[in-house]
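Starting from 1, each residue takes its place in the sequence as its number.
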Amino acid sequence: MRQTISATRAVYAAAPVAAVALAHIGPAATWLPGLRRRRFPGLAGQGSPGHVALTFDDGPDPVSTPRFLDVLDVLGVRATFFVLGENAVRHPVVARELVRRGHELAVHGWTHDRPWWPSPARDARELPRAAQVVREVAGVRPLWYRPPYGILTSGRWAAARRAGLRPVLWTAWGKDWRHDATPASVRATVAADLRGGGTVLLHDTDHASAPGSWRAALGALPDIVRDCREAGLTVGPLGEHGTGHGTRHRTVGTSVAPDTALSGWTVRSAPFRSPAPG
């Protein structure tokens with residue numbers, strides 16, 4: 001009898017904790033591709049049927065990102081780059097170069113952390129902080145938000161809304177974060193889910209991926225764009241994708257010195273690496 005009573009009390013004690021955890025992680029079910037395409041097409045990045053949105057995560061990176069910019073210039077394509085606040089602080093020159101070349105900056109968070117445990121206070125603090133850094137470094141107001149790993153918790157939903165950011169995930173990805181990724185595998189993986197109106201996820205850095213994996217995405221990029229064009233699809237940033245928020249992000253004033261990180265902001269000494277996407 002005593003064991004039964006103790007077990008019952010344990011269940012009741014755990015119930016509030018479980019409820020809080022479920023409320024926190026429940027919205028993350030939108031990570032499932034089929035679910036979000038059917039029930040949340042805007043969140044999935046579904047746009048105009050004749051257009052494909054090209055997006056990159058995790059930068060900017062002074063080694064790899066400029067190489068993507070050069071290839072995109074040759075291809076005549078503009079894209080949306082979801083940057084991390086800590087990387088924008090480290091590399092403000094690269095962030096500004098993205099905008100100078102006509103690309104769209106969006107927010108990927110402050111760090112590439114794991115969102116499994118409820119931390120609404122951290123979300124409320126760090127997401128606006130990342131948006132502010134984008135404004136100050138690059139002189140533009142970001143419009144879009146993609147959470148690391150595509151895990152959109154309730155805290156991140158609320159923080160994005162307060163920061164004036166619209167969450168958007170993807171409909172096709174290249175799995176270019178893997179250690180065994182190749183240009184051919186990235187192209188084939190994107191092509192398997194690529195449709196008109198879709199949003200493609202790639203990475204312009206290995207900040208949270210297998211070292212050197214960005215080379216596979218870079219090598220696949222010309223063929224991915226060619227595949228889209230041969231299918232009669234145009235390729236561009238989310239701002240031209242027909243998902244709302246207008247066609248251009250708003251320019252604001254900036255006074256950041258060209259070769260230094262922002263004073264007053266701190267970053268981690270080493271990047272977090274994971275074999276997972278986003």
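- Side-chain contact between H51 and E240 is present, with heavy atoms from C-beta onward closer than 4.5 Å.
- T80 contributes atom OG1, which lies 9.0 Å from atom CG of L143 (distance to the nearest 0.5 angstrom).
- R156 places a side-chain heavy atom less than 4.5 Å from the side chain of T153.
- Side-chain contact check for L105 versus V99: some heavy-atom pair is nearer than 4.5 Å.
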Does the pair R67 and D61 meet the rule for a salt bridge (Lys or Arg N to Asp or Glu O under 4.0 Å), with working shown?
CA-CA 10 Å; R67 299 179 184 232; D61 185 305; over 6 Å; no
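- For the side-chain contact (heavy atoms from CB on, under 4.5 Å) test with L202, the passing option among I224, D57, T55 is I224; the others fail.
- Between the H103 side chain and the A79 main chain, a donor and an acceptor come within less than 3.5 Å of each other.
- No hydrogens or angles considered: nothing links the side chains of H91 and E86 as a donor-acceptor pair under 3.5 Å.
- For an aromatic pair to be called close, the ring centres must be under 6.0 Å apart, and H207 with H203 fails this.
- Side-chain atoms of D193 and T171, non-hydrogen and from C-beta on, never get closer than 4.5 Å to each other.
- The shortest heavy-atom contact between W110 and L84 is O-CB, 3.9 Å.
- W173 and V77 end up in the same hydrophobic cluster when Ile, Leu, Val, Met, Phe, Trp and Tyr side chains are linked at under 4.5 Å.
- The ring pair (Phe, Tyr, Trp, His ring centres under 6.0 Å) search around F68 returns F56, not counting sequence neighbours.
- With sequence neighbours excluded, no residue forms a side chain to side chain donor-acceptor pair (under 3.5 Å) with E126.
- In this structure the side chain of D176 never reaches within 4.5 angstrom of the side chain of S213, judged on heavy atoms.
- Checked by atom type and distance alone, the side chain of T199 never pairs as donor or acceptor with a backbone atom of W170 at under 3.5 Å.
- Residue L201 holds its CG atom at 8.5 Å from CG of D58, rounded to the nearest 0.5 Å.
- Remark: R101 engages D70 in a salt bridge, criterion side-chain N to carboxylate O under 4.0 Å.
- F81 and W177 fall within a single hydrophobic cluster, where Ile, Leu, Val, Met, Phe, Trp and Tyr side chains are chained together by heavy-atom contacts under 4.5 Å.
- In terms of modelled atom types and a separation under 3.5 Å, the side chain of R78 and the main chain of G236 share no donor-acceptor contact.
- For the residue pair T65/D204, the side-chain donor-acceptor check at 3.5 Å is satisfied.
- Closest approach of G174 and T189 over heavy atoms only: O-CB, 3.9 Å.
- Applying the 6.0 Å contact sphere to CZ of R161 captures no more than 12 heavy atoms from other residues, nucleotides or ligands.
- Classification of R162 and D123 as a salt-bridged pair fails, no side-chain N sitting under 4.0 Å from a carboxylate O.
- When side chains are defined from C-beta on, D206 does not count as touching S64, because their heavy atoms never get closer than 4.5 Å.
- Residues T205 and W214 have side chains not in contact (no heavy-atom distance under 4.5 Å, counting atoms from C-beta outward).
- Rounded to the nearest 0.5 Å, atoms CG (L98) and CG (L72) are 9.5 Å apart.
- Here the closest non-hydrogen pair linking H108 and Y145 is C-CE1, 4.2 Å.
- A106 approaches P142 most closely through the heavy-atom pair CA-CB, 4.3 Å.
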